[in-house]
Visitor: 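Can you read through this structure? Questions will come right after.
Because the structure is predicted, anything quoted here is derived from the model rather than measured.
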Amino acid sequence: MGATRRKDRPDIIRRVKRLLCLALLSASPAFAQTTVYEGARLIPGDGRPAIERSAFVVENGTIMRIGRMADIKAPPGASHIDLTGKTVMPTLIDIHTHTGFQKGATYRPENYGRDAILEDLNRALYFGVSTVVSEGIDPGDAAFKIREEQAAG
């Protein structure tokens with residue numbers, strides 16, 4: 001929730017990719033070392049066009065291969081997750097937010113507080129935004145305390 005400079009963006013992108021990979025792994029059976037996710041429309045996030053009916057192989061927490069289902073051979077013993085009808089993409093980063101000021105249909109300074117911040121963050125996450133950057137108008141330290149709690153797990 002602090003300011004992010006352009007030179008820090010590659011590091012943020014790496015973190016987002018790791019977060020996406022961890023989210024995918026959490027949907028897999030705990031015992032699986034290799035999982036193949038199949039059927040989704042995959043937006044790679046690197047400027048290439050979306051891959052329809054994709055497959056991607058995750059081995060020990062790392063995305064190893066991506067491509068069309070017809071072109072990716074599943075390793076022996078891999079678990080399979082059917083994502084047909086879904087779209088998979090890297091999470092989004094919103095670099096201009098005023099988190100914590102909206103409550104219902106109102107957007108006012110008196111709305112600002114822990115509950116409003118968490119509601120805004122959860123709404124952003126629902127729409128695929130995993131990281132927000134505050135523009136520095138936040139009163140008090142509620143946002144910093146939430147950030148510390150997140151860092152502590």
Side-chain angles (χ1 to χ4, degrees), residues 1-52 54-66 79-153:
M1 293 183 54
T4 301
R5 295 182 304 258
R6 285 188 184 270
K7 70 178 185 177
D8 296 331
R9 285 187 185 159
D11 186 49
I12 289 173
I13 291 169
R14 279 191 293 276
R15 288 185 205 170
V16 169
K17 286 181 179 177
R18 285 187 201 127
L19 178 64
L20 173 62
C21 188
L22 289 173
L24 290 170
L25 287 175
S26 69
S28 302
F31 57 85
Q33 295 290 320
T34 302
T35 304
V36 181
Y37 297 88
E38 303 167 312
R41 177 178 195 247
L42 175 65
I43 300 171
D46 61 1
R48 290 183 289 163
I51 303 168
E52 302 295 337
S54 72
F56 50 103
V57 178
V58 178
E59 293 179 1
N60 298 318
T62 302
I63 297 173
M64 301 301 290
R65 292 183 301 284
I66 66 169
S79 296
H80 293 261
I81 305 289
D82 183 7
L83 297 178
T84 302
K86 310 282 188 222
T87 298
V88 175
M89 65 179 212
T91 59
L92 303 171
I93 299 170
D94 187 345
I95 63 167
H96 185 130
T97 65
H98 300 285
T99 304
F101 290 95
Q102 183 174 349
K103 188 172 190 177
T106 64
Y107 191 87
R108 297 188 295 240
E110 56 267 20
N111 293 338
Y112 188 83
R114 178 183 177 79
D115 290 341
I117 295 168
L118 292 174
E119 187 174 315
D120 281 353
L121 292 174
N122 285 324
R123 185 181 312 107
L125 191 56
Y126 175 83
F127 288 104
V129 177
S130 68
T131 304
V132 300
V133 178
S134 170
E135 295 305 309
I137 63 169
D138 309 48
D141 63 353
F144 296 108
K145 287 182 179 180
I146 291 169
R147 182 177 64 184
E148 289 169 7
E149 291 168 8
Q150 288 175 331

Visitor: Got a second to check how far I66's CD1 is from L42's CG, nearest 0.5 Å?
Guide: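 So the CD1 of I66 and the CG of L42 are separated by 5.0 Å.
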Visitor: For R114 versus A142, what's the shortest heavy-atom pair and its separation?
Guide: N-CB, 4.3 Å
Visitor: Considering all heavy atoms of both residues, which atom of V36 and which atom of A55 are nearest to each other, and what is their separation?
Guide: CG1-CB, 4.4 Å
Visitor: For P90 and P44, which heavy atoms make the closest approach, and how far apart are they?
Guide: CG-O, 3.8 Å
Visitor: Return the orientation label for the Y107 and F101 ring planes: parallel under 30°, perpendicular over 60°, tilted otherwise.
Guide: tilted
Visitor: Which heavy-atom pair separates Y112 from P139 by the least distance, and what is that distance?
Guide: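 That would be CE2-O, 3.2 Å.
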Visitor: Mind checking ring-ring contact (aromatic ring centres under 6.0 Å, His included) for H80 and listing every partner two or more places apart, or none if nothing turns up?
Guide: none
Visitor: Check E119 with R123, please: is the shortest side-chain N to carboxylate O separation under 4.0 Å?
Guide: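 A salt bridge links R123 with E119.
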Visitor: Examine distances only and state if a side-chain atom of Q102 and a backbone atom of G104 form a donor-acceptor pair shorter than 3.5 Å.
Guide: yes
Visitor: Do T34 and V57 have side chains that get closer than 4.5 Å, going by heavy atoms?
Guide: yes
Visitor: Judged by atom type as modelled, is there a donor-acceptor pair below 3.5 Å linking the side chain of D94 to the main-chain atoms of V132?
Guide: no
Visitor: Between atom CG of N60 and atom CD of Q33, what is the distance when rounded to the nearest 0.5 Å?
Guide: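 Spacing of CG (N60) from CD (Q33) equals 4.5 Å.
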Visitor: As an exercise, state the distance from CZ of F144 to CG of D138, rounded to the nearest 0.5 Å.
Guide: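 So the gap between those two atoms works out to 6.5 Å.
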Visitor: State the CD-OG1 distance between E59 and T35, to the nearest 0.5 angstrom.
Guide: 9.5 Å
Visitor: Output, in order, the C-alpha distance, side-chain angles, deciding distance and verdict of side-chain contact (heavy atoms from CB on, under 4.5 Å) for F56 and L83.
Guide: CA-CA 11 Å; F56 50 103; L83 297 178; 4.2 Å; yes
Visitor: Hey, could you give me the CD/CG distance between E148 and D141, rounded to the nearest 0.5 Å?
Guide: 8.0 Å
Visitor: Determine the minimum heavy-atom distance between L125 and S130, stating which atoms define it.
Guide: CD1-CA, 4.2 Å
Visitor: Which value, rounded to the nearest 0.5 Å, describes the distance between T97 atom OG1 and I137 atom CD1?
Guide: 9.0 Å
